[in-house]
Novice: 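Got a structure for you, written out below as structure tokens; questions coming shortly.
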Amino acid sequence: MRNYNFSAGPGMLPLPVLERVQKGLIDYNGTGMSVMEMSHRSKPYQEINDEAEALLRELMHLPSEYDVIFVQGGASTQFEAIPLNIHRTGKADYVVTGNFSKKAYQEAQKYGDIAEAASSADRNFTYIPTLHKHMFRHDADYVHICYNNTIFGTRYTSVPDTGNIPLVADISSCILSQELDVSKFGVLYAGAQKNVGPAGVTIVIVRKDLQDAAHPLCPTMLKWSTQIREKSLYNTPPCFSTYVAMEVFRWLKEIGGIKAIQKVNEQKAALLYDYIDHSDFYVNNVEKPFRSLMNVPFVTPDEALDKEFVAQAAAEGLLSLKGHRLVGGMRASIYNAMPTEGIEKLIAFMKKFKNSAVASRNQ
Ligand SMILES: *Cc1c(COP(=O)(O)O)cnc(C)c1O
């Protein structure tokens, strides 16, 4: 039996994708071997690599002046790859809106003159600061943002205007969940395990004019231009994870692409936020305009009840609802693969839990 997995990452994968992967697990397409055992130089793997890229380009409407690579190391490795790959003046400006953007900011400080242009730490990362062009240094190599903040449950609702300064965005927890105008960004990157596939593969999308400014000490393996030139096959790539990602891309295309899934995601999130806001019991502390479509943190009126909630929900097949240790309470991550029925089951459980908590309080 499959449960509903609300984990922030690795997250749930679509059942049709798992079934297809299972079908080809022992003998992929008549090759007599699994993708895990296959040479990355073999024809069947070349086809997977090419199709994964082609489908991602199609789904995201990637303009031709962008290259895309599938690499190892997770989004966290890009925290250091970014300042090492875009290193002209060595200056870069970061917007700190949560845990991951802070980590990216701290990592970059090892490599240059890195400034915090804005932060939402003053109200515990419950909003996205308003950004203006003049907040950034005119000679900064890039501005870095985290588009969806997985732990605090916030997201940008529009792409900030950074003028001529390239915008670099971590989209690990929102890639493929909503339409995004790629042409407004210089670099986009995402670890796969939230919305794309299994951990192990990281997607990096780089505009061509940002591929020749690497620091001389940038390691070959971290250099985007190395992997771009070799079509992600400079060394052994994360073959199996990329293959599963390709199946996720196929699935997403079949169900109508990003436009269609965005609509579903908006409906799912609205169901949950509406219930929370009208419950008189559960609270989501994020300022309304900035609420994430993907990660929904919430609390009950007391911490002991939160713990009880997580345990009882798990017993009913609603898994991994414990909030991040920085926020506490609960967090429902409702990525692309979470069906609407999962949200409905969660809300039904929340009602039941609330009623019994209120009843025992009134006794
Ligand atoms: C999960 C996450 C990361 C870390 O990703 P890894 O692939 O584990 O390095 C970074 N940024 C965001 C926004 C995330 O959600």
Side-chain angles (χ1 to χ4, degrees), residues 5-13 68-85 94-108 119-121 125-129 142-157 159-160 167-178 180 185 187-205 221-222 224 227 232 237-238 240-242 244-245 248 265 269 286 290-297 320 322-327 331-338:
N5 178 9
F6 292 91
S7 170
M12 214 171 162
L13 284 166
V68 49
I69 48 176
F70 299 97
V71 295
Q72 308 208 35
S76 304
T77 298
Q78 295 306 314
F79 295 168
E80 56 199 353
I82 291 158
L84 284 165
N85 274 278
Y94 278 66
V95 180
V96 176
T97 52
N99 191 51
F100 290 114
S101 53
K102 192 168 163 191
K103 280 184 167 169
Y105 167 58
Q106 287 168 339
E107 192 63 32
S119 163
S120 53
F125 301 119
T126 51
Y127 71 105
I128 300 291
Y142 61 89
V143 170
H144 181 281
I145 63 169
C146 179
Y147 210 79
N148 182 77
N149 295 280
T150 323
I151 293 173
F152 293 92
T154 62
R155 66 158 174 162
Y156 285 78
T157 45
V159 181
L167 181 60
V168 175
D170 180 352
I171 53 168
S172 292
S173 51
C174 60
I175 184 170
L176 303 176
S177 69
Q178 60 170 97
L180 206 54
F185 298 86
V187 176
L188 289 164
Y189 66 102
Q193 68 276 16
K194 316 285 166 61
N195 229 355
V196 171
V201 61
T202 310
I203 294 167
V204 190
I205 297 165
M221 273 295 290
L222 291 191
W224 296 327
Q227 295 287 4
S232 308
F240 192 71
S241 298
T242 304
V244 181
V248 171
N265 287 334
V286 173
F290 309 110
R291 285 172 160 182
S292 169
L293 287 181
M294 297 281 102
N295 310 98
V296 183
S320 310
K322 189 172 187 299
H324 190 277
R325 61 186 188 284
L326 291 174
V327 180
R331 172 177 48 172
S333 294
I334 51 175
Y335 298 121
N336 287 354
M338 174 61 67

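Counting begins at 1 with the first residue of the sequence. Order of appearance sets the numbers: ligands from 1, and atoms from 1 within every ligand. All values below were derived from every heavy atom in this structure, side-chain atoms included, with hydrogens, water molecules and symmetry-related copies excluded.
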Novice: Rounded to the nearest 0.5 Å, what separation is found between the CG atom of Leu293 and the CZ atom of Arg155?
Specialist: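 Reported value, rounded in 0.5 Å steps: 3.5 Å.
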
Novice: Within this structure, what is the CD1-CD1 distance for the pair Ile171 and Ile205, rounded to the nearest 0.5 Å?
Specialist: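 The CD1 atom of Ile205 is 5.5 Å from CD1 of Ile171, to the nearest 0.5 Å.
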
Novice: Which atoms of ligand 1 are found less than 4.0 Å from any heavy atom of Gly74?
Specialist: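 So the answer, numbered in order with elements, is 7 (O), 9 (O).
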
Novice: Just jot down the ligand 1 atoms closer than 4.0 angstrom to any heavy atom of Asp170, in number order.
Specialist: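 So the atoms of ligand 1 that pass are 10 (C), 11 (N), 12 (C), 13 (C).
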
Novice: One residue to check: Cys146. Relative to ligand 1, which of side chain, backbone, both or neither has a non-hydrogen atom less than 4.0 Å away?
Specialist: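 Within the 4.0 Å criterion, Cys146 contacts ligand 1 through side-chain atoms alone.
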
Novice: Heavy-atom contacts under 4.0 Å between Lys103 and ligand 1: side chain, backbone, both, or neither?
Specialist: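 For Lys103, there is no contact with ligand 1 at all, from either part.
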
Novice: Tell me the protein heavy atom at minimum distance from atom 4 (C) of ligand 1, and give that distance in Å.
Specialist: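 For this ligand atom, the closest protein heavy atom is Phe100 CE2, 3.6 Å.
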
Novice: To the nearest 0.5 Å, tell me how far Met12 CE sits from Phe6 CZ.
Specialist: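 Output value for this atom pair is 8.0 Å.
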
Novice: Please verify whether a non-hydrogen atom of Gln193 lies at under 4.0 Å from ligand 1.
Specialist: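 Gln193: in contact with ligand 1 (<4.0 Å).
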
Novice: To the nearest 0.5 Å, what is the distance between CD on Glu107 and NE2 on His144?
Specialist: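 Taking CD in Glu107 and NE2 in His144, the distance rounds to 11.5 Å.
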
Novice: What's the separation between atom NZ in Lys102 and atom OG in Ser119, rounded to the nearest 0.5 Å?
Specialist: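 Atom-to-atom, Lys102:NZ and Ser119:OG are 8.5 Å apart.
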
Novice: Please report the shortest heavy-atom distance between Tyr156 and Val95, naming the atom on each side.
Specialist: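 The pair with the smallest heavy-atom distance is OH-CG1, 3.4 Å.
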
Novice: N/O to N/O below 3.5 Å, does that happen between Thr77 and ligand 1?
Specialist: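 There is no such contact.
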
Novice: Considering only the protein, which heavy-atom contact is closest to atom 2 (C) of ligand 1, and what is its distance?
Specialist: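 For this ligand atom, the closest protein heavy atom is Lys194 NZ, 2.5 Å.
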
Novice: Measure the spacing between OH of Tyr335 and SG of Cys174 and express it to the nearest 0.5 Å.
Specialist: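 Result: 9.5 Å between the selected atoms.
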
Novice: Phe79 vs Phe100 aromatic rings, parallel, tilted or perpendicular, using cut-offs 30° and 60°?
Specialist: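 Tilted.
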
Novice: So is there a nitrogen or oxygen of Ala75 less than 3.5 Å from a nitrogen or oxygen in ligand 1?
Specialist: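 Ala75 vs ligand 1: N/O contact under 3.5 Å present.
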
Novice: Look at ligand 1 and say whether Gly9 reaches it with a heavy atom at a distance under 4.0 Å.
Specialist: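 The answer is no, since Gly9 has no heavy atom less than 4.0 Å from ligand 1.
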
Novice: Hey, can you tell me if Tyr147 and Phe185 have their rings parallel, tilted or perpendicular (30° and 60° cut-offs)?
Specialist: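 Judged by the thresholds at 30° and 60°, the geometry between Tyr147 and Phe185 is perpendicular.
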
Novice: Measuring from atom 15 (O) of ligand 1, which candidate in Asn295, Thr150, Ile151 has the nearest non-hydrogen atom?
Specialist: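 It is Thr150 whose heavy atom sits nearest to atom 15 (O) of ligand 1.
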
Novice: At what distance is the nearest protein heavy atom to atom 9 (O) of ligand 1, and which residue and atom is it?
Specialist: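 So the nearest neighbour among protein heavy atoms is Ser76 OG, 2.6 Å.
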
Novice: With respect to Asn148, determine whether any N or O atom, backbone or side chain, lies less than 3.5 Å from an N or O atom of ligand 1.
Specialist: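 Between Asn148 and ligand 1 (N or O atoms, distance only) the closest approach is not under 3.5 Å.
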
